[in-house]
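All remarks here apply to the structure that follows.
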Number of protein chains: 2
Amino acid sequence: MNKRADIVAGAAGAFEIDGFRGVGVDKVLAPSGASTRTLYKHFGSKDALVLAVLEERHRRFRERLEVATGSADAVAALFDTLRHWLEEHGARGCMLLRARAEYSEANEEIVALVRRQKDEFRRMIAARVEATLGRSDHRLATQIWILFEGATAAASVSDLSVVDEAKAAAASLLHAAQGSAS
Amino acid sequence: MNKRADIVAGAAGAFEIDGFRGVGVDKVLAPSGASTRTLYKHFGSKDALVLAVLEERHRRFRERLEVATGSADAVAALFDTLRHWLEEHGARGCMLLRARAEYSEANEEIVALVRRQKDEFRRMIAARVEATLGRSDHRLATQIWILFEGATAAASVSDLSVVDEAKAAAASLLHAAQGSAS
DNA sequence: GGCATTGTAAAGTGATCGTTTTACATATCA
DNA sequence: TGATATGTAAAACGATCACTTTACAATGCC
């Protein structure tokens, strides 16, 4: 089960840099040193490997977010985690949305997976908003989600300070919501 | 000069749906009915066609934005224009950023073009913020830009109401900035 | 009427694609 | 010892890729 994880980890780096459709399996396998034989024994197809990479990517990011949940401001921690993530992985846009776009007509399974992942992410944000605000605010949660996705996208053509600006905007919206009702 | 425009318009639709690296030139030329010979006479390479499509796409979107500039709230008009655009073209994420991601290591010319386009877009937003606020506010302009990119990205895995939420968030941030100083 | 220009049709270029196959090495364990 | 599992190396599969070439039709301009 170790080689399988090596392949997924190595493939994630290749897909991150070259995209999905634009890179061949040989290049995807180069980081892990696995043979094409091993790839197809484990996954059956390149598309199935893409699915495994997306699941692993989402799982790791969710893990990171959960570690930072203990902090005082759960919403601000969201953006701090994003910034650290982008510093480590590079800012090339959300890998999940990039996969969705490249496979939007070619593989509906990938489209469905990303949709589920983003739905789950939105619920996590809504929970943090509710914990901070003392009440649920679906619209505010959506706005903070938009800021998060926007910062991720914008960072690919800007510097990482956009993440801090998104964080400040989220704080401002949260403050306005706290003032309006309790 | 007419066939060239036909090719660009048809190719834009194909790239929108299938991505850039994942679609062959035959499929890209199908909507315009042009032959590969004509493609290479006009553009010289597939990558050059991609550049032409991105330039045309940016030009058209900028045109749309300028038409709606006369309205009372120039910032809100930004998001109304985005919503109409997405209703017409479908919500699959910003084509410019998608191209940037797919070609981030393969074609630096495309990366540079998209960077310039987004810089120009940010300046346009900053000008609208200044016109609305009566003073320049660079940070607020960045936050509204993030909301715009976020709404574009989020709409690909949600419904178009996220654009309205982004618009409301922008209005809230603008209102807070108007209150703090004049 | 001659002559670029601009286009299509269609075959062919070598390279690369995702995937399969054959052959063989190593390790575990009954 | 011998079977099973798990891996690499490397060649080969047909399909498709971006791109080129040859051949020919229609257009408009001098």
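What you see is a predicted model, and the numbers here were worked out from it, not measured in a lab. A note on names: the letters A, B, ... follow the listed sequences, proteins ahead of strands, and every chain is numbered from 1.
For the OP1/OP2 pair of D:dG7 and a distance below 4.0 Å, the side-chain nitrogens and oxygens of A:K3 include no atom meeting the criterion. Listed pair B:H42 / C:dG7 meets the phosphate criterion, a side-chain N or O lying under 4.0 Å from OP1 or OP2.
Between B:A12 and B:R57, the shortest heavy-atom contact is CB-NH2, 3.9 Å.
For A:S35, the listed nucleotide lying nearest its side chain is D:dT8; candidates were C:dT8, C:dG18, D:dT8. Comparing D:dA18, C:dT20, C:dT8 by their closest approach to the side chain of B:K46 singles out D:dA18. Counting only heavy atoms from C-beta on, B:V25 has its side chain closest to D:dA18 among C:dT8, D:dA18, D:dT8.
Residue B:F20 contributes atom CZ, which lies 13 Å from atom P of D:dA18 at whole-angstrom precision. Following rounding to the nearest Å, B:L39 (CG) and C:dT8 (C1') show an atom-to-atom distance of 14 Å. We find that OH of A:Y40 is positioned 16 Å from C1' of D:dT8, with the value rounded to whole Å. In this structure, B:K41 atom NZ and D:dT22 atom P are separated by 12 Å, rounded to whole Å. One interatomic measurement links the two molecules: CG of B:D26 to P of D:dA18, which rounds to 8 Å at whole-angstrom precision. Between the CG atom of B:N2 and the C1' atom of C:dT5 there is a distance of 15 Å, given to the nearest Å. B:L29 places its CG atom 15 Å from the P atom of C:dA10, with the value rounded to the nearest Å. When rounded to the nearest whole Å, the span between CG of A:D6 and C1' of D:dG7 equals 12 Å.
Residue A:R4 places no side-chain atom within donor-acceptor reach of the base of D:dT6, judged by atom type and a 3.5 Å distance cut-off alone. Below the 3.5 angstrom threshold, one finds no donor paired with an acceptor across the side chain of A:T38 and the base of D:dT8. Donor-acceptor pairing under 3.5 Å, judged by distance alone, is absent between the side chain of A:R37 and the base of C:dT19. Contact annotation: side chain of A:T36 to base of C:dT20, donor-acceptor pair present below 3.5 Å.
Note on A:E63 versus A:R59: salt bridge recorded, some NZ/NE/NH1/NH2 to OD/OE distance being below 4.0 Å.
Ring-plane geometry between A:F148 and A:F79 is classed as tilted, the angle between the planes lying from 30 to 60 degrees on a 0 to 90 degree scale.
For the pair B:R21 and B:Y103, the cation sits on the ring face: its NZ or CZ lies under 6.0 Å from the ring centre, inside 45° of the axis.
Formation of a donor-acceptor pair under 3.5 Å by the A:Q117 side chain with backbone atoms of A:L54 is found in this model.
Within 4.0 Å (heavy atoms only), A:V23 reaches sugar-phosphate atoms of the nucleic acid but no base atom.
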